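Input: a single structure, listed below in structure tokens.
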2 protein chains.
Amino acid sequence: MNSKLGSDLGDAVGIAPISVPKASDILADRLRDLILSGSVKPGESLPSERDLVSTSGLSRSSVRDALRILEVEGLIATRPGRSGGSIVQRPDRQSVARPMELFVKSHEIHLESLLDCRLAVEPFLAARAATHHTDEELADIRRIHEKFLATTDNLAEYKKLNLEWHLAIARSSHNELLIALMEAISHPIHEAAGYREVTTEQIRAEAKKAHCAILEAIEERNPELAHNRMAKHLGAYMDVARTIPNSE
Amino acid sequence: MNSKLGSDLGDAVGIAPISVPKASDILADRLRDLILSGSVKPGESLPSERDLVSTSGLSRSSVRDALRILEVEGLIATRPGRSGGSIVQRPDRQSVARPMELFVKSHEIHLESLLDCRLAVEPFLAARAATHHTDEELADIRRIHEKFLATTDNLAEYKKLNLEWHLAIARSSHNELLIALMEAISHPIHEAAGYREVTTEQIRAEAKKAHCAILEAIEERNPELAHNRMAKHLGAYMDVARTIPNSE
DNA sequence: TCCCGCTTTTTGGTCTAATCATATTACTTT
DNA sequence: AAAGTAATATGATTAGACCAAAAAGCGGGA
């Protein structure tokens with residue numbers, strides 16, 4: 001068992017570095033496959049921890065580790081108590097948005113990139129909303145819209161309703177993936193953007209006008225118009241944001 | 001300790017349901033804050049598990065659970081052995097793309113929605129690539145492009161290089177978030193799309209022509225042209241995909 | 001008969017205390 | 001000095017116990 005000899009042999013034969021997977025990872029992979037293949041459907045439960053221990057041959061810690069992985073991934077929800085257990089569920093939008101937010105925060109993504117992202121996605125969402133919206137969704141947008149128009153000097157309220165307005169439009173697009181993306185980038189944008197770019201009365205008035213125009217296009221089910229007006233609205237916002245130095 | 005009495009009191013006073021957070025979640029939140037606030041920088045290590053046990057007062061299981069959460073989130077990487085530990089890192093693009101893929105698979109997102117997503121994002125990436133690309137990135141794209149043009153009847157090879165081509169364009173955009181999004185949706189698309197829509201020689205020839213045109217626009221650093229040509233290319237692809245019934 | 005209240009049972013959550021595996025460091029020997 | 005060997009710090013894994021929550025079962029009384 002000479003280590004040098006072993007190393008030489010390894011180099012000579014060209015053994016690739018062997019990665020030793022963790023027991024919990026292997027079990028997590030298997031359980032994930034079970035879920036994704038549809039063997040266990042949403043609402044149903046995985047076997048109890050103690051069952052998994054006996055069937056897998058692993059210890060309870062490893063089993064719990066595996067379950068914890070799936071929980072973070074949003075594939076299961078665990079509840080204590082009898083008839084509790086690991087209940088399979090479809091990951092919600094937050095399971096997508098959360099990692100994205102972590103990514104944005106960790107990499108200190110510039111506001112510029114976030115707005116870029118928004119500019120790419122939101123006009124599209126507006127166009128889809130124009131063609132795909134239901135009556136309930138439209139009513140929801142209108143309700144938020146009216147409240148938004150009614151805001152005056154309460155900046156926090158203005159920002160909150162502005163955000164809600166955009167998210168309501170997004171939800172009407174019926175594209176779950178793009179909605180999740182919007183949700184993910186909205187929070188960082190509205191945190192990073194600060195209050196300065198909406199301080200003047202004029203800017204807020206223009207935003208309200210733009211919202212009205214976009215909503216009108218959506219009500220008329222005119223996707224091209226909604227797309228262009230949203231793009232113009234965001235362009236104006238970006239121009240304002242750009243003239244203001246970053247707070248960081 | 002009459003339970004009925006307690007319940008009535010609770011209803012009367014209007015006590016909100018109290019959520020009992022798990023110990024590991026609390027610790028995970030704290031450690032995550034430490035990382036995101038920059039108190040522990042990428043490359044540095046968190047305290048060892050045994051240290052965390054003594055400072056937090058929790059058991060080793062809970063501490064390990066917390067660390068496992070952060071690991072799944074891509075915030076740390078753990079390595080065994082002396083001078084191992086939980087090393088802080090920035091989440092990579094995979095940490096964003098993976099949850100998105102799980103979301104797509106779990107919700108059985110239609111190919112239509114995925115292509116929509118792509119249509120929203122990729123023309124934008126092409127435009128940004130036109131203005132932001134470096135010489136190395138352009139050389140990389142060209143290398144893949146040449147290999148792509150050289151493919152003939154090997155469909156697997158064609159599809160692989162096609163995917164790589166699109167991702168290379170995306171990388172040149174320098175928008176990390178949109179790159180991650182592209183990576184995330186590319187795999188499901190190319191899995192779901194099957195082989196049928198690229199079976200005819202004519203379709204492949206047109207795709208090659210379109211790639212050439214897009215690349216040309218990028219080399220000329222003309223963002224509008226790159227945007228429009230990419231949109232047209234994707235539109236053509238979607239038309240083809242739409243004429244073919246889903247494989248599911 | 002039906003409902004309240006107690007007990008039982010199942011399940012996840014937490015803790016303790018070892019032991020194993022791995023990789024680095026420190027030491028010893030040649 | 002270089003090479004080999006022992007000590008050590010770290011995560012990975014196991015085992016077993018007990019706690020807490022929540023549902024199910026049971027029994028007595030209105």
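Residue numbers start from 1 in every chain, and the chains themselves are labelled A, B, ... in the order their sequence lines are given, proteins ahead of strands. All values reported here derive from a predicted model rather than from experimental measurement.
In this structure, A/Arg60 atom CZ and C/dT10 atom C1' are separated by 11 Å, rounded to whole Å. Straight-line distance from the CD atom of A/Glu49 to the P atom of D/dG16: 17 Å, rounded to whole Å. Rounded to whole angstrom, the span from the CG atom of B/Leu27 across to the C1' atom of C/dG13 amounts to 15 Å. One interatomic measurement links the two molecules: CG of A/Asp65 to P of D/dT14, which rounds to 11 Å at whole-angstrom precision. Rounded to an integer number of Å, the gap from B/Arg50 CZ to C/dC15 C1' is 16 Å. Per the geometry, CG belonging to B/Leu67 stands 8 Å off P belonging to D/dG11, to the nearest Å. C/dT10 atom P lies 17 Å from atom CG of A/Leu52, rounded to whole Å.
Of the residues in residues 69-84 of chain B, those placing a heavy atom less than 4.0 Å from an atom of DNA chain C are B/Pro80, B/Gly81, B/Arg82, B/Ser83, in numerical order.
OP1 or OP2 of C/dG13 lies within a sub-4.0 Å distance of a side-chain N or O belonging to A/Arg64. Contact between the side-chain N/O atoms of B/Ser62 and the OP1/OP2 oxygens of C/dC15 is found at a separation under 4.0 Å.
A/Leu58 comes within contact range of the sugar-phosphate backbone alone, with a heavy-atom separation under 4.0 Å but no base atom that close.
One cannot find a donor-acceptor pair under 3.5 Å joining the base of C/dG13 and the side-chain atoms of A/Arg68.
The minimum heavy-atom distance linking B/Ile87 with B/Gly43 is given by the pair CG2-O, 3.7 Å.
Sequence neighbours left out, the pairs with a member in residues 70-103 of chain B that pass ring pair (Phe, Tyr, Trp, His ring centres under 6.0 Å) are B/Phe103-B/His107.
Checking side-chain atoms of A/Ser172 against main-chain N and O of A/Ala168 turns up a donor-acceptor pair under 3.5 Å. Proximity of a side-chain donor or acceptor of B/Glu122 to a complementary backbone N or O of B/Leu119 within less than 3.5 Å is not detected. Looking only at distances, no side-chain donor or acceptor of B/Ser113 sits under 3.5 Å from a matching main-chain atom of B/Ile109.
When each of D/dT10, C/dG12, C/dT14 is scored by its nearest atom to the side-chain atoms of B/Ser59, the top-ranked nucleotide is C/dT14. Nearest to the side chain of B/Ser48, among D/dT10, C/dG13, D/dT13, sits D/dT10.
Position along DNA chain C of the nearest nucleotide to A/Ser86 versus A/Ser61 favours A/Ser86 as the more 5'-ward residue.
A/Arg30 CZ to A/Asp25 CG: the interatomic distance, rounded to the nearest 0.5 Å, is 13.0 Å.
Looking at A/Asp65 and A/Ser62, their side chains never bring a donor and an acceptor atom within 3.5 Å of each other.
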